[in-house]
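Input: a single structure, listed below in structure tokens.
Throughout, numbering of the chain's residues begins at 1 and tracks the sequence.
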Amino acid sequence: MATRAKVVDCVQILLLAGSLAGAALTFDASDWQPLWLPVALLVVAVASDAMAIELRTVRVSASFSILVLLMVLAGPSTAVAVSVVAVAIDALRNRLEPVKALDNLSAFAVFPLVGALLAGSVPLPSDALSRAGLVLVVFLVTVTLNFSLIWTSQAVRNGYNLLAGFREILLPTLPAQLATAVMTAALAVASQRFGPVSLSVLGLLVLIFQYLLRYAKEAQDRSRELEERNRQLASLHVGLISTTLKTLALRDHTTARHSAAVARYARAVAEAMGLPEREQDIIHTAALFHDVGKFIFPDHVLLAHGQLTEEDRAVIRRHPEVGAELVSEIEGYGPVAQIVRSHHEQIDGLGYPDGIVGAAIPLGSRIISVADVYDVITARDTYRRPVSIEDAFAELRRVAGTQLDAQIVEVFIDLVERRGVRFRHSTAHDFETELALEARVRSYAEPLQVV
């Protein structure tokens with residue numbers, strides 16, 4: 001491997017020296033007239049490299065277009081000199097390893113010389129279409145040669161598959177390279193029509209555009225990073241709330257399974273009512289966490305042992321608020337928290353904690369209320385003696401219009417009675433199964449429509 005690398009280094013040095021010699025032998029003073037033009041384009045190329053944009057395997061920079069224009073409109077010595085100086089400055093600025101710097105210097109000396117000699121082998125066309133065609137040919141030839149030189153040296157040094165690089169790196173970038181080639185051809189045609197001053201002006205405009213593109217990409221990257229951090233934070237918060245509910249279930253084994261049942265029923269009702277999937281997700285999440293505020297209950301309240309005092313009832317009435325406060329800590333889960341807070345409100349306004357009435361209660365809260373009452377009075381592992389399904393339906397209808405939303409009660413009964421929707425409390429994994437639906441954390445930043 002070391003011997004192979006030394007051979008590659010020697011070849012790169014020879015190519016660099018040979019290209020510089022070739023540029024010197026083809027020197028023509030007229031290629032440097034006016035002198036300010038190659039100097040100005042060198043500045044544009046260096047600045048463009050400094051603002052290069054990495055897009056997967058594509059490095060977006062205007063410097064290559066500048067070099068192609070010099071190959072076609074100037075000559076070999078000008079193109080090679082500007083290219084080598086620009087890539088040397090880029091290597092120093094990025095503190096490239098000597099081997100990588102050598103690869104770049106060699107390639108950026110060879111392809112400008114070849115491109116300039118190719119362009120100089122035919123008279124520069126006077127019509128715009130032919131000139132654009134020549135620029136396109138030179139661009140595509142030199143971009144392929146540039147990749148071939150750099151990739152071949154890396155593949156030989158490191159034992160990479162030579163053809164795989166062309167297939168997996170070069171071919172996917174061809175559409176972007178072709179678009180850049182067309183832009184370069186347009187610049188060449190513009191310089192023919194408006195003179196060399198227009199070339200430097202257009203180069204400056206390209207540089208400004210690249211700066212704006214880089215700024216936009218950086219802003220997009222920052223936005224994605226912030227979104228990812230928020231997603232990770234939300235995942236952590238969901239996990240913490242889930243852990244709180246599971247810990248609560250250790251004190252009262254029914255809590256998690258009851259939450260799982262209510263979540264399943266609530267989602268089924270939301271779907272039957274034709275709510276959008278996003279709102280179904282929100283209601284399902286709120287139902288999973290609707291009782292998380294019960295962690296403030298002392299054991300005799302949580303387990304329903306003995307008579308409740310006024311102080312006990314005050315604690316009970318606080319659990320929707322406490323649960324909502326916990327859920328609201330998750331970024332974007334405001335609507336979920338709102339539903340959790342209001343799941344003990346009543347249609348007649350006698351509920352808690354806010355005493356709101358009718359349609360002012362979030363729809364998700366009204367759905368959860370129905371599912372909550374039904375599961376509490378029918379499940380065999382709750383703190384009450386279970387009633388039959390028929391008696392449960394009678395109880396739901398009895399409090400419909402006062403405690404519960406009458407329309408939702410009928411939808412729920414239809415699901416259970418005619419569509420056979422059932423949730424059987426089986427094992428502690430019921431809650432885990434429902435929680436799995438929350439694996440992809442969603443943002444609920446948009447408010448729910450109150451129906």
Check: Is the ring centre of His290 less than 6.0 Å from the ring centre of His344?
Finding: no

Margin query: One pair to check against side chain to side chain contact (heavy atoms under 4.5 Å, CB included): His258 and Asp372. What are the steps and the verdict?
Written below: CA-CA 8 Å; His258 168 66; Asp372 188 19; 2.8 Å; yes

Checklist line | Distance-minimising heavy-atom pair for Ile368 and Ile283 | finding: CD1-O, 3.9 Å

Check: Is Ser77 reaching over with its side chain to a backbone N or O of Ala23, donor-acceptor style, under 3.5 angstrom?
Finding: no

Notebook entry, point to check: Which distance, rounded to the nearest 0.5 Å, do you find between the OH of Tyr265 and the CG of Leu415?
Noted result: 10.0 Å

Note to self: Could you check whether any side-chain N or O of Asn94 sits under 3.5 Å from a backbone N or O of Leu96, counting only pairs where one atom can act as donor and the other as acceptor?
What the structure shows: no

Check: Side chains of Pro76 and Met71: closer than 4.5 Å at any heavy-atom pair?
Finding: no

Check: What's the spacing between Leu404 CG and Ile367 CD1 if we round to 0.5 Å?
Finding: 12.0 Å

Next item on the list: I would like to know whether Val370 and Val269 meet side chain to side chain contact (heavy atoms under 4.5 Å, CB included); could you show each step before the answer?
Entry: CA-CA 10 Å; Val370 175; Val269 171; over 6 Å; no

Item checked: Gap separating the CD1 atom of Ile282 from the CZ atom of Arg267, nearest 0.5 angstrom -> 10.5 Å

Check: Less than 4.5 Å apart, any side-chain heavy atom of Leu105 and any of Val84?
Finding: yes

Check: Rounded to the nearest 0.5 Å, how far apart are CZ of Phe289 and CG of Leu326?
Finding: 10.0 Å

Next item on the list: Decide side chain to side chain contact (heavy atoms under 4.5 Å, CB included) for Leu67 and Val82; before the verdict, give the C-alpha distance in whole Å, the side-chain angles of both, and the deciding distance to 0.1 Å.
Entry: CA-CA 7 Å; Leu67 298 179; Val82 170; 4.0 Å; yes

Next item on the list: Measure the shortest side-chain to side-chain distance between Leu363 and Ile408 over non-hydrogen atoms and say whether it is less than 4.5 angstrom.
Entry: yes

Check: Using 30° and 60° as the class limits, which term best fits the ring planes of Phe108 and Phe111: parallel, tilted or perpendicular?
Finding: perpendicular

Next item on the list: For the residue pair Thr142 and Val114, establish whether any side-chain heavy-atom pair is separated by less than 4.5 Å.
Entry: no

Next item on the list: Check whether any side-chain N or O of Ser106 sits under 3.5 Å from a backbone N or O of Leu102 as a donor-acceptor pair, and report yes or no.
Entry: no

Notebook entry, point to check: Is it the case that more than 12 heavy atoms not belonging to Gln33 sit under 6.0 Å from its CD atom?
Noted result: yes

Notebook entry, point to check: Who are the salt bridge (charged side-chain N to carboxylate O under 4.0 Å, His left out) partners of Asp354, not counting sequence neighbours?
Noted result: Arg341

Next item on the list: Identify, with sequence neighbours excluded, every residue that meets side-chain hydrogen bond (donor to acceptor under 3.5 Å, both in side chains) alongside Asp103.
Entry: Gln12, Ser153, Arg157

Next item on the list: Please name the pair of heavy atoms, one in Thr78 and one in Pro38, separated by the smallest distance, quoted to 0.1 Å.
Entry: CG2-CB, 3.7 Å

Check: For Ser342 and Ile361, which heavy atoms make the closest approach, and how far apart are they?
Finding: O-CG2, 4.0 Å

